[in-house]
Amino acid sequence: MHIPPYDNQNSPIVDAGNTLVPLNYFNIVKLRRGQAFSYQVPGYETCIVPATGTIDIEVEGVTFSGLGLRGVDVWDGEPEGAYIPVGAKVTFSCTSDAAEVFVAGAAYDKVLEPFDVRAADLDLVQYGSDDTKTHRKIKHILGTKYHGRVGRLLVSELFTVGAGGWSGFPSHKHDTDRLPLETRHDETYNFRFRPNHGSGVQMLQREDGKPGEAYHIVDGSTICLDSGYHPCCVLPGYEMYYFTILGGLSQRSLVQYFQPSHAYQIETIPGIKDMIAKFK
């Protein structure tokens, strides 16, 4: 499902218990200097990631100060984040001129400890190539290194490298728990483009060999993925970014099932096997 950009007025874009992606939660909060925002999401662990600007966070008596390094857009520096336990009351306040803050969440039933993720703690992966039109960079905020400290939530930022190209290819899905072949992970994206009048296409093919759906994505588009194979692409001459939320049904590690028609191309894309391993 495509949710076009709109002024959500700091209310969740994908709320708890969403009928399409019930394992996900997503909000975008915009603040000016000195403004604060508080929330609690019962039944969901969350991760706070400033898209731009700097914030201070207070969660159940624990403080994380000066979180967020970026200025004008998501390309302007490295991301940082903070893990917020299930149902915890948290308040964050803007300490820069302005801040745009992503709040990602996944359904979970245990309360863990909060922690922050600074730029030096990121897990970075770059793979693909210009020749295969698949060159991209992934910045894992809550990735594999935090197994044991996070329940079901995976949070990453994905960037196309260069101008134009494909992401999420070879096409894959993760909508059914059937280990060892695949896990059920609901997924939510929020897209940005540079320059911001750029755009792209999100494909969604429910069954191999049958025509699927396609959505025109623009700067600020949100995509909710409940099932099917889902590659996306950006127009030539533009760079694409998407904030990625994955929530697992029965485990945190993601097992992707690659579309049979295209799975052989795993062998043609440089570094893709390392990328796959970083989501597990």
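Everything quoted here is computed from the prediction, not taken from an experiment.
A salt bridge links Arg33 with Asp97: the distance from a Lys NZ or Arg NE/NH1/NH2 to an Asp or Glu carboxylate oxygen falls below 4.0 Å. The existence of a salt bridge linking Lys139 and Glu78 is confirmed by a sub-4.0 Å separation between a basic side-chain nitrogen and an acidic carboxylate oxygen. With salt bridges taken as basic N to acidic carboxylate O contacts below 4.0 Å, none links Arg184 and Asp226. The pair Lys110-Glu45 fails the salt-bridge criterion, with no side-chain N (NZ, NE, NH1 or NH2) lying under 4.0 Å from an Asp/Glu carboxylate O. A salt bridge is defined here as a Lys NZ or Arg NE, NH1 or NH2 lying under 4.0 Å from an Asp or Glu carboxylate O, and Glu100 with Arg32 fails to meet this definition.
Using modelled atom types, one finds no donor on one side chain facing an acceptor on the other under 3.5 Å when comparing Thr54 with Ser96. Between Thr160 and Tyr241, the side chains place no donor N or O within less than 3.5 Å of an acceptor N or O (distance only, hydrogens not considered).
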Please lay out, stage by stage, how Asp186 and Leu225 fare under the test side chain to side chain contact (heavy atoms under 4.5 Å, CB included). CA-CA 6 Å; Asp186 291 352; Leu225 296 166; over 6 Å; no

Please assess Phe191 against Met240 for the test side chain to side chain contact (heavy atoms under 4.5 Å, CB included), listing each intermediate value before the final yes or no. CA-CA 7 Å; Phe191 288 89; Met240 181 172 72; 3.8 Å; yes

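With ring centers used as reference points, His172 lies under 6.0 Å from His230. Ring to ring, His135 and Tyr127 are not that close: their centroids are 6.0 angstrom or more apart. Aromatic ring centres of Phe64 and Phe115 lie farther apart than the 6.0 Å criterion allows. Ring centroids of Phe92 and Phe37 are separated by less than 6.0 Å, placing the two rings close together.
The environment of NZ in Lys145 is crowded: more than 12 heavy-atom neighbours from other residues, nucleotides or ligands sit within 6.0 Å.
Ring geometry for His197 versus Tyr238: interplanar angle over 60°, hence perpendicular rather than tilted (30 to 60°). Ring orientation note: the planes of Tyr215 and His2 are tilted relative to one another, at an angle of 30° to 60°.
Counting heavy atoms from C-beta outward, Gln265 and Pro170 have side chains that approach closer than 4.5 Å.
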